[in-house]
Amino acid sequence: MAKQEPILKAEDLSKRYEDGVLAVDHLNLDVHPGEVYCLLGANGAGKTTTVNLFLNFIPPTTGTCFIKEIDVTKDPLEAKKYVSFVSENVMLYGNFTARQNLDFFAKLGGKLELSKEDYHQVMRRVSLQERAFEQRVKNFSKGMRQKLGISIAIIKDAPAILLDEPTAGLDPKAAAEFLEILNELKDEGKAILMSTHDIFRAKEIADRVGIMKEGRLVMERTREELQYEDLVKIYIDYMRAEPLTV
Amino acid sequence: MLGTIIKREMLEYLKSSKFLIGLSITVILITISTIINIQDFKLRQQDYLDAQKELGGDTFRVSIFRSPQVLSTLVQGKDRKLGNSLTMTYLNIPSRTAGYMGEYTSKHHRYMAGFAAVDFAFVVRVVLSLMVIFLAYNAISEEKFHGTLKLVLANRMPRDQLLLGKFAGGLIIVVGSLIISAILSLLIMLFNPAISLGNSEWIRILMLLGVSALYLICFYTLSLFVSVVVSRPAIALLVLLQIWILLIVIYPNLGVIMAENIYRLPSEQEIAQSKAAAFQPYQEEFKKIREAFIVAVERGEWVPEDVDLRNMELSSKKAELNHQVDKEFSNQLTQQMKLAQTISILSPAVVYDQVANRYARTGMNEYERFMNGIFRHWQKGLEMKELRYKDIQAWRKAELPEFSYQSETTANSFVATLLQWVILFLFSLIFFALAYVGFLRKDVR
Ligand SMILES: Nc1ncnc2c1ncn2[C@@H]1O[C@H](COP(=O)(O)OP(=O)(O)OP(=O)(O)O)[C@@H](O)[C@H]1O
Ligand SMILES: [Mg+2]
């Protein structure tokens, strides 16, 4: 693969919360077009914080996040044009139907001229049941909501996609389907950064895997490297190791 | 983008059951209360007309009736409570209207007395303000809780625009509910032949609508602010309900109690003493005149004309002085009421009430104008009586003009309530600014 400019890039990124917790510690990371980057790490390792920094929900203590080479703290609105976001367990607007939710977020994403059929097509693509299209989201199962969540990301058609534990709580089949969609998006050239606890699936889908521990990126492997190594073993070893000295 | 947010926000409210329940209650209350209030107005109007017809040509005792205000159908105010009939002689000017004519002479039984408090102003002040709180208490916190706030802000959507859009969407719903209520009320009124509204009434109704909207916006911005600051919806609702009870129930009464204690009014006894003291300089002379008068009557002689005139002059002087003391007392009463209102000015409900009563001409201001008219009318009657001793020819021709008084003009009513508009506007502005600043700094995760 020819080296292109990364779409997502963190440079010397740190975040220290008000209470003194150093959640992200001088992190460097980049994700290229057509690449899936999986961020692994124990609870509290700093994955969600990293995603929030990319979306400028919180200001970094040091360093910079770039989306398409735009500094997200300098021009957050412009940067957000180029990124879609799928969060863990988003409830969406319960009183609205799947299509109405999709329509609302599509418009926010700048897609103003879509038809009902366009929406149905996207929902079919993520294999949401046909009868759910015009139903209120309130009673959707977690899997159905996550499918709708990814269709919101799809419809915005941004070059970068950030996902925070999107498969948490999904049954194995639903999770597999979900990752299948991610694979397709990757093939379309999206740069995908996903935090997850699912090592097995990470190994399956990721072009690169990073392991975070106490805010630091302690290991990074490419798909090729992982062919000869046992990711599970690496992960456990890193977790077992002594706490990092700051 | 803004349009998308506004539209969604409106839909969200329209789909919510709290809105449907709130609007249903409002519609039912408005319909029933307007019908009842119109009926009540009709009866009072009829009583008034009957009473006017029965007025005899008694030149000693002059009876005057206060006509009911047509806008009392929307804002009852004190129109009914203050009573509407009054009888005066040159010996006595009542300090206020006595009882309600209907209580004594009306054939109509006032079965709706208990319901009289519910009117358009009540629905706005209590029901709609409560509905506004229920609508907006979780406007922001719910979006945070459901994660949609993050999802929205992951787009090219500035925070201030998001807040503005949400504000505008809710505003349309709030003002829309108000307009629906008003239209319903007005339709019921228009289809009732007993009600006729002139131009000035229409303008007053529009002004009333305006101030009602502003009043509701106060509560809306307050709720929005609380929903930004308090993340837990249940707590936000609790806080808002407490503020609501404080502002609408406790605080206004607190103002009255405080004013009563700060501004003490003279007792009955003190008033009687003041009256006696005021007449003191004339007391000696009056005694003599009375004696001369009685002596003449007892002897079966004509009362000498100068005695008769002086007797009348002094009697009316006494009535006038008594009236001045009464007036002084009622001024103090007004002062006390104003103090209570000043103390309660921090409650939008009190401010709204003042304005609504003024616009409907059912408040104290209108009543005082009426009572001033009464005094002028009394003076005219006295002048006529005196004519008899001064110019008997003119006296024969003279006729007491019909009683009338000057209502406040619509423009003056508006100018008089500008301060209240400003207060309500400031409330809204402050709460909105707080919500705005709070939201820009809010942790959306
Ligand atoms: N708002 C906050 N204020 C203070 N500390 C925080 C805040 N949010 C997170 N932290 C701390 O920052 C660290 C990283 O948290 P983060 O949520 O990024 O971890 P994570 O890798 O996403 O964990 P998980 O797998 O449980 O989702 C933790 O120690 C956490 O306690
Ligand atoms: Mg997390």
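Protein chains get the first letters and strands the later ones, always in sequence-line order, with residue 1 at the start of each.
- For A:K142, the NZ atom counts as densely surrounded, since its 6.0 Å shell holds more than 12 non-hydrogen atoms of other residues, nucleotides or ligands.
- The shortest non-hydrogen separation linking A:F57 to B:A154 is CZ-N, 4.2 Å.
- The shortest side-chain heavy-atom distance between B:E142 and A:M91 does not fall under the 4.5 Å cut-off.
- Heavy atoms closer than 4.5 Å to chain B are found nowhere in A:E88, neither backbone nor side chain.
- Enclosure of atom CZ in B:F145 is not indicated, since only 12 or fewer non-hydrogen atoms of other residues, nucleotides or ligands lie within 6.0 angstrom.
- Atoms NZ and CG, on B:K7 and A:D103 in that order, are 6.0 Å from each other to the nearest 0.5 Å.
- By the neighbour-count criterion of 12 heavy atoms within 6.0 Å, atom CD of A:E130 is densely surrounded, having more than that number from other residues, nucleotides or ligands.
- Going from atom CZ of A:F96 over to atom CD of B:E12 covers 5.0 Å, rounded to the nearest 0.5 Å.
- With a 4.5 angstrom heavy-atom cutoff, A:I58 touches chain B only via side-chain atoms.
- Atom CZ of A:R124 sits in a crowded spot, with more than 12 heavy atoms from other residues, nucleotides or ligands closer than 6.0 Å.
- Proximity of a side-chain donor or acceptor of A:K80 to a complementary backbone N or O of B:L153 within less than 3.5 Å is detected.
- A:K81 and B:N155 share no donor-acceptor pair across their side chains, judged by distance under 3.5 Å alone.
- Expressed to the nearest 0.5 Å, how far CZ of B:R445 lies from OG1 of A:T49 amounts to 7.0 Å.
- Environment of NZ in B:K442: crowded, with over 12 heavy atoms of neighbouring residues, nucleotides or ligands closer than 6.0 Å.
- In terms of non-hydrogen atom pairs under 4.5 Å with chain B, the most contact-rich of A:L92, A:I152, A:N101, A:L55 is A:L92.
- Using a 4.5 Å cut-off between heavy atoms, B:E143 touches chain A through its side chain atoms alone.
- Taking CE of B:M157 as the start and NZ of A:K107 as the end, the distance is 12.5 Å to the nearest 0.5 Å.
- When heavy atoms are compared at a cutoff of 4.5 Å, B:R8 approaches chain A by way of both its backbone and its side chain.
- Contacts of A:N95 with chain B are made by both backbone and side-chain atoms, with heavy-atom separations under 4.5 Å.
- Considering CG of A:D75 and CZ of B:R156, their distance stands at 7.5 Å, rounded to 0.5 Å.
- No option in B:L151, B:V152, B:L162 other than B:V152 meets the side-chain contact (heavy atoms from CB on, under 4.5 Å) test with A:L108.
- Between atom CZ of residue A:F105 and atom OG1 of residue B:T148 there is a gap of 6.0 Å, rounded to the nearest 0.5 Å.
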